[in-house]
Structures are given as structure tokens and as C-alpha cells.
**Q** 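Have a look at the structure that comes next, please.
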Number of protein chains: 2
Amino acid sequence: MPRPVPRSRRERPAKPALNRAVIIDAAVGVLESDGIGRLTMRRLAEELDTGPASLYVYVRSTTELHALLIDRLLATLDLTWDGRSDWRHRLRSLLTDYGDLLMANPGLADSALVTWPQGPNYLDLVELMLRLLSAGGAPPARAAWGVDVLLQQATAMAAEYGGRGRSAEGQDVADLLAAFEDASPQRHPLLTALGAQEMVGGERGERRGWGMDVTISGIFATPRPGE
Amino acid sequence: MPRPVPRSRRERPAKPALNRAVIIDAAVGVLESDGIGRLTMRRLAEELDTGPASLYVYVRSTTELHALLIDRLLATLDLTWDGRSDWRHRLRSLLTDYGDLLMANPGLADSALVTWPQGPNYLDLVELMLRLLSAGGAPPARAAWGVDVLLQQATAMAAEYGGRGRSAEGQDVADLLAAFEDASPQRHPLLTALGAQEMVGGERGERRGWGMDVTISGIFATPRPGE
DNA sequence: ACCTGAACACCGTTCAAGT
DNA sequence: ACCTGAACACCGTTCAAGT
């Protein structure tokens, strides 16, 4: 019969044994409470009630930590397709969901832009995109490059009008607007005629949807060299 | 008649007066000698023989410093067009030059990806791209969004197979390859059939050229909503 | 106005020493 | 094998005080 756990150990749950899963769970917690800007080895160690050195037994670097975190977040996406609904519509909704996920936390898209995701959910996402492009008639080798281009674009768009909009991450939209307002009518007639607002602005959903259509159409219009 | 400068002041040139231009010049020096990863306020202050606090009189933040640096580097590009040569060819060569510039220094493209350039040369680049897209027949509003998409893509491509290839920046290509090799034939049949090499590899120039053509074709094939 | 020493509040990563 | 205290070598930014 087990002896009763001493009160001091029951009051707060015992420090959980460290492992990769526990660390990534804690990382999600820090992301949600503090933002990715504070998702550091030291902050995470504090959360887990240990020292930063302990994390290096399970995670190679801060970059790997971010890659694992992003993969973990992908698990919340719907990565299925019934194979019958319109492939193009499904591809758009998938990329939209992915972008929304990255925009939900300020700075997350910026991080995703320079970090290659790493984990099972990322593979599922890529596989689904390959299926959808194949369903549309893309030859496999072209679909392979197409996935890369589409993901890169979705991530970049999320970074551009997601997190940085009203953030504490350094620059904001006002800076970009101000930069365009330095355009000179003599030297930059087209830019001046369009106006800063036209360059930067636009309804987010429209702009994003247009970008996706550009790339999807382009993929189907452009054979790979030697294809 | 001026008194002779004391020997101790002549041995090494006098500390230059600080100003924006001097700071950006020094930043280029640090970029070339140490890489952008070490282009910090502290390292730059050391180069200028002062303390970091002094730089804040001229530069608002490290992000602004990087934005100014990137604009400065753009000055080395050929941003002219005679208006007669093939617009599409010129657009491709412009984007290629821009990508090469970012790939010349490891980590630079990563930084450009999350930093909006700021300065006169960036405006010249945008103006030229607007001219080229207009020459191809794009309506102005579509050209505006097209410039954004093209620059974002060129930067992302530079980041993807530029700097990180053989770098000390955290992840490298081998990690990405390894991630794809975890694909399971049951769960990821298309991915498995293609193979990691097909997803990640390919001759850099071909891949980049294909990506540009995809986007350029897509821009001309896709009207803006309500256009 | 411009400049700066010093401080505040952080970082990533390594490694010898412990259990 | 797993864990960690402590250290090393850095960061960005602010601010009171000087010139």
C-alpha cells in the first residue's frame, strides 16, 4: 500500500520530470503569456523551475526550440481533405488557416520566417499541399517547388501585416508609411502617383487572397526548366 | 596660421564627429568584417571608439540601424533602365542582383526579411519595379501589390538558400533534409515518393528563376478584386 | 545640443561537478 | 544518464551628469 504523499509534496504538484514534450508544452505556455520575444531558454527554465543548462539535454538551441514550437502549433490546424471538395478552395483555406495561426501571436510569423519547422505536423502539412497541387494537375516535381513557394509566401504575408502592425517589435506600419512619403514627385513619379497608402494599405484579406491566387496561378502557368 | 597638430592627434586620425552617415559607414565595415550577427550597437560603438549610448542620438534602435544598412547596400545596385530593353528580362536581372546582394553576407537576408528597408535607395528600387511592371502592362494598383510580392519573395529565396547553407546561424540545410527524411511512406506517400532531395534541392539559379517566373506570370494573370 | 559612464535588465551556451 | 550552479561572453536601452 503506498504511503501518503507528504503534504509538502502534495501542495504544489511535484516538479515534472523533464523531457522534450514537457519542454514544448511549457514553451506554448510562455508563448501565450509572454509572447515569443520572451520565449528564451532562461525564461523557459524559470517556468520549469530549473536552470537553463538543463534544457540543453533535450533541445539543441533556441532555434530548435522555436522550430519545435511551430510544429506543435501546426497540430491545431485541420490537415485533412476529403479528396472531393474543390482542391483550390481547400488550398486557399489551408494557407489562410496557417497564416491566421502565425498572426495570432505577435512576432511568431517573424520567427517562422527564419526558422524551418521541424516535426511531424509540418510533414503532414507539406503532404497535404502536395496532394492538393497534384489534384489540380501539377506534375510532382513542380508541386514540390510549389509547396515551398506557397509556404514561404504565406509566412511572409503573415509577418508583413500580422504581428508588426501594432507591436512592440521595433518598426511598425507607420514607419513604412513614412518611408514611402519621402518619395519625390520628380524621382519617383509612379510611387508618388500611387501614394503611400496604396503601397502599404488595402484590406488584409483581399491582399492576402490576391497574393495566394497570384502564386497558385503562376505555379500552374510555369513549367519547371526541362519539364 | 594654424598651429601644427600635436603628434598624438596626427598618429591616428582624429575621432570622426558622429553623424548618421559616419555611423552607417562604420556599420558596413562591421558587416564585412564580422557579419551582421555581430552588428550590434555595442560592437559598432567600439568601432567608432565611443559608448553605445552615443549612437542613440542618431539611430533609434538596432532595427533602424539594420534598415539603414540595407538601404545603403542597395546603392551598389544598378537601379536604372533605358526603357527599351525587354522589361521582363530587366525585372529578372534586377531581382537576381538584389538576391545576390543579400546572399553575399550570411544572415543578411534573414535580417532583411524582418526589417523594412528605409531610405532613398529603397524608394528608387520600388520606383524602378513599378516602371517595369507598368511597361509590361500591369495596371498601377496591381503593380503596387506586385512589387511587394516580388520583393518579399526575392528576399525569402535569398534567405532560404543563401546565408543558412553553410552557416553558423543555427539550422542548416542538413537539418531540413533530415526533417524530410522522417516522412513515413504510409502517412506521407507523395513526400516519400519525391524524396527529401527533391523538396530541398535543385540548382539554386533554376529554382530562383522558376520562382520569379511563377510570381511574374501570376501577377499578370490575376486581376485585383474589383479591378 | 551633443555626448557618455554607468547601470539595469536581460541574453545563449558551456562545462565541471554533482546525483 | 541526467541534471545543474556558476561562469563566460555577450546583448539593447535608458538616464543622470557632464561639456
Side-chain angles (χ1 to χ4, degrees), chain A residues 9 14-27 30-31 33-69 106-108 110-111 114-115 118 164 167-172 175, chain B residues 9 14-27 30-31 33-69 106-108 110-111 114-115 118 164 167-172 175:
Chain A
R9 282 226 274 142
K15 215 168 103 172
L18 280 183
N19 60 52
R20 259 191 176 224
V22 166
I23 289 174
I24 301 172
D25 280 355
V30 173
L31 173 71
S33 63
D34 296 42
I36 199 164
R38 301 240 350 170
L39 180 48
T40 64
M41 291 302 214
R42 293 178 109 104
R43 174 71 185 77
L44 186 55
E46 188 191 302
E47 193 76 6
L48 289 164
D49 202 14
T50 182
S54 306
L55 304 179
Y56 284 85
V57 177
Y58 303 99
V59 176
R60 243 187 333 184
S61 64
T62 304
T63 302
E64 187 180 71
L65 175 66
H66 285 193
L68 294 168
L69 170 73
L108 184 60
D110 280 15
S111 176
V114 293
T115 307
Q118 198 171 104
R164 265 176 306 188
S167 84
E169 303 282 322
Q171 294 174 308
D172 64 24
D175 292 322
Chain B
R9 283 226 273 140
K15 216 167 101 171
L18 279 183
N19 60 53
R20 260 190 173 224
V22 166
I23 288 173
I24 300 172
D25 281 355
V30 173
L31 172 71
S33 62
D34 296 43
I36 199 163
R38 302 237 354 167
L39 180 48
T40 64
M41 290 302 214
R42 293 179 110 105
R43 174 73 185 76
L44 187 55
E46 188 192 302
E47 193 76 9
L48 290 162
D49 202 13
T50 182
S54 306
L55 304 179
Y56 283 85
V57 177
Y58 303 99
V59 176
R60 242 182 339 177
S61 64
T62 305
T63 301
E64 186 180 74
L65 175 66
H66 284 193
L68 294 168
L69 170 72
L108 184 60
D110 280 13
S111 176
V114 294
T115 307
Q118 198 171 105
R164 266 175 305 188
S167 84
E169 304 281 321
Q171 295 174 306
D172 64 26
D175 292 324

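Each chain gets a letter, A, B and so on, in the order its sequence line appears, and its residues count up from 1.
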**Q** I want to check one thing: is the phosphate of C:dT13, taken as OP1 and OP2, less than 4.0 Å away from some side-chain N or O of A:Thr62?
**A**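 Yes, because at least one side-chain N or O of A:Thr62 sits under 4.0 Å from OP1 or OP2 of C:dT13.
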**Q** In whole angstrom, give the distance that lies between atom OH of A:Tyr58 and atom P of D:dA1.
**A**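 Spelled out: OH on A:Tyr58 to P on D:dA1 is 13 Å.
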**Q** Taking only side-chain nitrogens and oxygens of B:Arg43, does any of them come within less than 4.0 Å of OP1 or OP2 of D:dC11?
**A**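 B:Arg43 to D:dC11 OP1/OP2: no side-chain N or O under 4.0 Å.
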**Q** Looking for any heavy atom pair under 4.0 Å, which part of the strands does B:Arg38 touch: base, sugar-phosphate only, or nothing?
**A** sugar-phosphate
**Q** Rounded to whole angstroms, how far apart are CG on A:Asp49 and P on D:dC3?
**A** 14 Å
**Q** Between the side chain of A:Tyr58 and the main-chain N/O of A:Ile23, is any donor-acceptor distance below 3.5 Å?
**A**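 Such a contact is absent between A:Tyr58 side chain and A:Ile23 backbone.
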**Q** Between atom CG in B:Asp34 and atom C1' in D:dC10, what is the gap in whole Å?
**A** 13 Å
**Q** Let me check I have this right: for DNA chain C, each base becomes ., (, ), [, ] or |, based on Watson-Crick or G-U pairs with both distances under 3.5 Å. What is the full string?
**A** ||.|||||...|||||.||
**Q** Rounded to whole angstrom units, what separation is found between the CG atom of A:Leu48 and the P atom of D:dT4?
**A**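 Whole-Å distance recorded here is 10 Å.
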**Q** Please examine the side chains of A:Leu48 and A:Leu55, heavy atoms only from C-beta on, and report whether any two atoms are closer than 4.5 Å.
**A** yes
**Q** Between C:dA9 and D:dC10, how many Å separate the two C1' atoms, rounded to a whole number?
**A**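 Those two atoms are separated by 14 Å.
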**Q** Nearest 0.5 Å, please: how far is OG1 in A:Thr62 from CG in A:Leu69?
**A** 12.0 Å
**Q** For the pair A:Glu64 and A:Arg20, find out whether any cationic side-chain nitrogen is under 4.0 Å from an anionic carboxylate oxygen.
**A**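 Salt bridge present between A:Glu64 and A:Arg20.
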**Q** Select from A:Pro52 and A:Val57 the residue whose nearest nucleotide in DNA chain D is closer to the 5' end of that strand.
**A**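 So the residue in question is A:Val57.
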**Q** Does a side-chain heavy-atom distance below 4.5 Å link A:Asn19 with A:Val22?
**A** yes
**Q** Without decimals, in angstroms, what is the distance between A:Glu46 CD and D:dT4 P?
**A** 15 Å
**Q** Decide yes or no for B:Met41 and B:Val59: does some side-chain heavy atom of the first lie under 4.5 Å from some side-chain heavy atom of the second?
**A**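 B:Met41 vs B:Val59: side chains touch.
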**Q** If you only use heavy atoms from C-beta on, which nucleotide in D:dT4, D:dT13, D:dC11 is closest to the side chain of A:Thr50?
**A**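 The nucleotide sitting nearest to the side chain is D:dT4.
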**Q** Measure CG/B:Leu55 against P/C:dC3 and give the value in whole Å, please.
**A**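 One finds 10 Å between P of C:dC3 and CG of B:Leu55, rounded.
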**Q** Quick check on D:dA9: is either OP1 or OP2 less than 4.0 Å from any side-chain nitrogen or oxygen of B:Arg42?
**A** no
